[in-house]
Amino acid sequence: MFQCLFYSSWENEYLKFEDMSERVRQKCSHSEEKYQTNISSETFDSGCLNSATVCGVDWTTLPDDTVIQLFSYLNYRDRASLASTCRTFRLLGSLPCLWGSLDLRSYKFDTAAAVSLSLRCKNLQRLKFPAAGSADAIVSLQARELREISGDFCRDITDAALSVIAARHEMLESIHLGPDPCERISSDAIKALAYCCPRLRRLWMSGVKEANGDAINALAKHCRQLMELGFVESDNIDEVALGNLSSLKFLSVAGTRNLKWGSVAQVWSRLPQLVGLDVSRTDVNLSAITRFLSLSRNLKVLIALNCPVFEGEVDRNTMHNNKGRILLTLFSDIVKGVASLFTDNLESVTDVFQHWKEVRNEDKNLDEVVVWIEWAISHSLLRIAENNLKEFDDFWLTQGAAVLLSLLQSSQEEVQERAATAVATFVVIDDEDATIHCQRAEAILCGDGIRMLLNLARSCQEGLQSEAAKAIANLSIDSKVAKAVAESRGIDILANLAKSTNRLVAEEAAGGLWNLSVGDEHKGAIAEAGGVKALVDLIFKWPPSSTDVLLERATGALANLGADEKCSMEVALAGGIHALVMLARTCKFEGVQEQAARALANLAAHGDSNSNNAAIGQETGALEALVQLTYSQNEGVRQEAAGALWNLSFDDKNREAISAVGGVEALVALAQSSLDASQGLQERAAGALWGLSVSETNSTAIGRQGGIAPLIALASSDVEDVHETAAGALWNLAFYRDNALRIIQDDGVQPLVHLCSSSNSKMARFMAALALVYMFDGRIDSAVPVGPSPSSQGRSKSLNIDGVGRMALKHVEEFVSSFYEPQTFNAAAATLVPTALAQIAEAIRIPEAGHLRCRQAPILPLLFTKNDYILNSINKMLQQLKNAFSLQFTMPGGRHAMHHSCLLQKAGAARVLRATAAASTAPIQAKIFTKIVLRNLENHHEVSS
C-alpha cells in the first residue's frame, strides 16, 4: 500500500507567565563573609563547580576557608549531605557562619525537616520560608536568635500561626509577608507581633484583612524602633492611627484602598521622622500630594507611581520637586530624581542604582533612603508589569525598562529578584499564544540586560537563579534575544541550572531551553551543552504529582529537540524514549501528556535514518498509552497522540501493533469526533488512519468500523492540510474493493472529484485522482448491487457505476492534462527525443510525490487494466492516466524512486510499457508518459547495477 509523507516535526514555544502573586520570591542579602576567600571565576560555571576543576582535586588538602566558601555555594540539603562525608567536613559544615541564613522557599518545609535542621540553626538569623503550613516548622527549628523572616505564599497563614511565630522569636527585627495577600491576617496577629517583638524595626505585609487603631497603636507603644512599615494592597487600614507611629522613617501603602486622603495628608505630614512615603497605585489626589510635599518636615522622597486620579489632575509641565523633596511618578524622570539625592551631575547618570553603589558614602541615612526606594519601586513596577496594560507602552520604552535594568544590579537580592520577575512579565503580550512585546525585549537587549540576567543566573542564590532563568526564557521568544543568549554562553548556563536540585530553578531553566529549542539555530548548542541529558534526567528526578509544570517544560523542550535528527538520537541515547513513554503512561497532567506525545511523534519522524520509530514501538506500553490518549478530554492531547501514531505507523511492526491494541477503533472514533475540532486534530486523525491503511487488514478494518464517512467529510474541508491527508487515506482505502464500494455509497465520489479539480494542493489533486482511478478501474462490476455500509444506517443505494466512473475519470484526465503546456507537449510528441521528454517530465513532476512509498500489490493496477471494462475508449484513458501516475513514482531524485522502479521491474513493467509505446492505437499522451517511465526505469537500473 502507499505510505504518506512523514508527519512533520512540530515545534512550539513555552512562555512562562503565571500569576506573579504566587511566583515572586524575595531574597535578602548574603553576609557572613568572615570565612570567605577569593576563588577564581574559572572555578565556577553557572553557579556550580566546573567539572574540569573538580576532577583530580584532593579535597582533604584544601584550606579550611576554601572548603567553607565551597559550602556557602550549596543549598542547605547539599550542604548537609557534603558535611556527612567525613569528620573534617562535618565540623566545617556545621560552622555558624554557614547557617546564619536559610532560604527554604523552594523546598518542602515541615516539622520533620525543621527538626533535622534544628541542631545547625541555633544561630540562624535570617529565614525565608513558604508560609503555608510552616508555623509549626519554624518553631521546631528552635532558632531563638532569629532576626528576619520572609514568607511567600501567605494566603493560608493565619492570625494564630503568626502569633505563635512571634511568641517564640522575640528577637525578630524584620518581618516580610508577601507578595501574596495575607487574607487571613488581621489586627489580632499585628497586636501579637507588637507585644512579642519589641525590637521590630521593619514590618511589611501585603493584603492584610484589616489593621485597626488598636493594632497600630500597639505597634506605636511597644515597637519603639519601628522604622519601616508597609501595609500594601490592603482594604481596611486605620490611617489616622498610623500618625501615632512617631519612629517611622518609611511608610508604604501602595495599592491600599479606602484611604481618606483629606485627613491622611494632614496626619501623616506630622510624622516627625518620615523620610519616604509610597502611595503608588492608590487613588491619591493632587491636593494630598501637594500637602505631603509642602507640610512634611523631613520628607525627602514621595513615590506616586500609577496614581490615575493624581495623574488626571496634575499639570505635568509645572509639577516639579518641592523644596528639595523628590516626587517619583510615571511621567517624571525617575533616574534623575533618585540621582539628585547624591549627585549634582545628573546628565552623567544612566544606571542610577549601580551608580549609587559606586559613589556610596558614609551617610547612613542616605543609604537607607536609596535602599528603601529600590524596594518600593521594584514592588510597584512588578505590579504594573503584571497588569500588562497597553497604556504603559510609552513608560516602559522611555524609562521603565532602564529602571528595571538598574534594579537588576541592586545590592538587595530581593530587589534583584523582583526586577528579574518584572522583566519576565512586562515583555509578555499573551501568555497563551506565547507572544511577547519585541520592542520591550529589545530594550532589555540594548541595555545590556542579557548579560545582567545571565550573571544573576550564575549566582549561587537559588531565588536569583530561578527568576533570572524565567526572564531569559521569556525574552528568548524574540529571535534577536535568543541569539544574544546563545552567544553569551547562556545555553550552557541554562543547561547547568536544569541539573539543579532546586525544583523552581530546574523548572525555569527547562522553560528557557524549551524556548531556545524552537527553530534549528540553537538545537545543536543545547545538545553540546548537555541539555538533552539534563532534560531527560529531570523526568526521572521529579515525580509527576508535584512537578507537573517542570515536566511539561522538560518534555516540551525534548519535543522540539526531537525534531532534529541528530538531537533525536541523543534523546534516545539519554533514555528519553523510556522517560517519555513513562509520562505518557502514568502522568495525569494534560500539559505533560500533550508534550510527551508530541516528543514521541517527533522522535518517530526520522524512521529512514535511525531506529527511534521501532524503539518506541518496542517500549512496553507505549502504543497502548498513545491509543488511550486519543480518548483524552483535552484536544491538544488527542491531536499529539494521533500525530505520534501517524508517524509510528510507518514501521511495519508498529502498524500492526497499533491495530492490535485498538488503534483502528480509537482513530476512527477520533476522526468522527474531529469534524468540529481544530484543523490540526483533523489532519492528524486522518493522517493516522492513512498510515494504518497501508496494510490490507487495517484498511479493511477501517472500512468496517465506519472510518470512510468521516474521511470523506474531512476530504471536503477547505483546509489544504486536512483534505490532502484525508485524500491520502481514501486513496489507500480505495484499493480494496469493499472500501471502494463504501466510498461510492457514502457519496465520496463528488468530494474526490472536487479535490481532483479544484484543490490548490497538487498533492491533494494527485491522491484524489489516484483514488478515483482505483475505484473505477474495472474491479467493481457495474452489475454488482451496492449494499448498505455502517454509515448508511441500513439504507441501500442503486447507483449507475458506469456513469459515475466516466464522469470521475474525465476529471482525472483533465487534471493530468493540466500538467503540461500543449505546445510543448505536441513538440515533444513530434520528436520523442530525450531532451524533449526530460522537459515534459520536469513540467509535470509533483515533488511531494517523491516522498510516497508504494508496496507491490497496489503497483500492479498502475500497469494493467481489465480488458472487458466498459468501453475501449475508457480502457485507453485509464492506461494513459496510470502511466502518468507511474511516472511520478519513478522520477529521479524521489525519496523512494529506486524502490518503486524495482517493484515495477519485478512486475514486468518493461514489457507492458514497451507494448504500449509501440501500439499504433495508443494515444500520444500515453506513449509519451510510457517512454518517460521506461527512461526512468532504465536510469535506475543503471544506477543499481
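Numbers here simply count residues along the sequence, with the first being 1. Values below: all heavy atoms of this structure, side chains included; hydrogens, waters and symmetry mates excluded.
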Compare all side-chain heavy atoms of D283 with those of W261 and state whether any distance is below 4.5 angstrom. yes

Does a sphere of radius 6.0 Å around CD in Q273 hold more than 12 heavy atoms from other residues, nucleotides or ligands, not counting ones at 6.0 Å or beyond? yes

Going by side chain to side chain contact (heavy atoms under 4.5 Å, CB included), L445 matches just one of K480, R440, R451. Which one? K480

Tell me the closest heavy-atom pair linking L513 and A557, and the distance in Å. C-CB, 4.1 Å

For a quick test of reading the model, state the closest non-hydrogen atom pair linking L203 to L219 and the distance between them. CD2-CD1, 4.0 Å

Drop me the distance from L404's CG to S378's OG, to the nearest 0.5 angstrom. 9.5 Å

Kindly assign one of parallel, tilted or perpendicular to the pair W204 and H176, based on the angle between their ring planes and the thresholds 30° and 60°. parallel

Identify the residue among T256, V232, V253, N212 that makes a side chain to side chain contact (heavy atoms under 4.5 Å, CB included) with I237. T256

Could you tell me whether the side chains of S466 and E508 share a donor-acceptor contact shorter than 3.5 Å? no

Quick check: closest heavy atoms across E442 and D478, and the distance to 0.1 Å? OE2-OD2, 3.7 Å

Going by atom types alone, do N306 and R383 pair a side-chain donor with an acceptor below 3.5 Å? no

With no hydrogens and no angle check, is any side-chain donor or acceptor of S517 less than 3.5 Å from a backbone partner on W514? yes

Is there a donor-acceptor pair closer than 3.5 Å between any side-chain N or O of N387 and the backbone N or O of L389? no

Restricting to non-hydrogen atoms, name the atom on S476 and the atom on V485 that form the minimum distance, rounded to 0.1 Å. OG-CG2, 3.8 Å

Are the side chain of E635 and the backbone N or O of S678 linked by a donor-acceptor pair below 3.5 Å? yes

Do I303 and L305 touch side chain to side chain, with heavy atoms closer than 4.5 Å? yes

Would R281 and E233 count as a salt bridge (charged side-chain N to carboxylate O under 4.0 Å, His left out) if you check the C-alpha gap in whole Å, the side-chain angles of each, and the deciding distance to 0.1 Å? CA-CA 9 Å; R281 299 175 290 113; E233 292 149 11; 3.0 Å; yes

Can you measure from CZ (F129) to CG (L177) and round to the nearest 0.5 angstrom? 6.0 Å

Roughly how far, to the nearest 0.5 Å, is CG of D235 from CZ of R257? 4.0 Å

So do the side chains of L551 and V592 get within less than 4.5 Å of each other, counting heavy atoms only? yes

Inter-residue atom distance Q266.CD - E239.CD, 0.5 Å rounding: 13.5 Å

Can you classify the ring geometry of W372 versus F250 as parallel (below 30°), tilted (30 to 60°) or perpendicular (above 60°)? parallel

Is it true that Q416 and S410 share a donor-acceptor pair across their side chains at a distance under 3.5 Å? no

Quick check against the 3.5 Å criterion: does Q399 have a side-chain atom that pairs as donor or acceptor with the backbone of S332? yes

Verify whether one side chain among T425 and E386 offers a donor that lies under 3.5 Å from an acceptor in the other. no

Which value, rounded to the nearest 0.5 Å, describes the distance between L277 atom CG and L302 atom CG? 5.5 Å

Output the distance between atom CG (N560) and atom CG (L516), rounded to the nearest 0.5 Å. 10.5 Å

Using modelled atom types only, decide if a donor and an acceptor are shared between the side chain of R598 and the backbone of G556 within a distance under 3.5 Å. yes

Looking at R184 and I157, would you say the former's side chain and the latter's main chain have a donor-acceptor pair under 3.5 Å? no

Exercise: identify the closest heavy-atom pair between P179 and D152: CD-OD1, 4.4 Å

Within the side chain of S500, is there an N or O that forms a donor-acceptor pair under 3.5 Å with the backbone of N502? yes

Least distance between heavy atoms, L494 atom then A469 atom: CD2-CB, 4.1 Å

Establish, yes or no, whether the cationic atom of R291 lies under 6.0 Å from the six-membered ring centre of W268 and within 45° of the ring axis. no

Take K249 and E228 through the salt bridge (charged side-chain N to carboxylate O under 4.0 Å, His left out) test and state the conclusion after the steps. CA-CA 6 Å; K249 286 188 174 182; E228 182 179 341; over 6 Å; no

Verify whether one side chain among T329 and E311 offers a donor that lies under 3.5 Å from an acceptor in the other. no

Between D278 and S280: side-chain donor-acceptor atoms closer than 3.5 Å: yes

Donor-acceptor pair, side chain of Q595 and main chain of T555, under 3.5 angstrom: no

Verify the distance criterion only: is there a donor paired with an acceptor across the side chains of E210 and N236 at less than 3.5 Å? no

Does any N or O in the side chain of T282 come within less than 3.5 Å of the main-chain N or O of V279, such that one atom is a donor and the other an acceptor? yes

Full working for salt bridge (charged side-chain N to carboxylate O under 4.0 Å, His left out) between E521 and K483: CA-CA 8 Å; E521 293 85 353; K483 181 180 179 181; over 6 Å; no

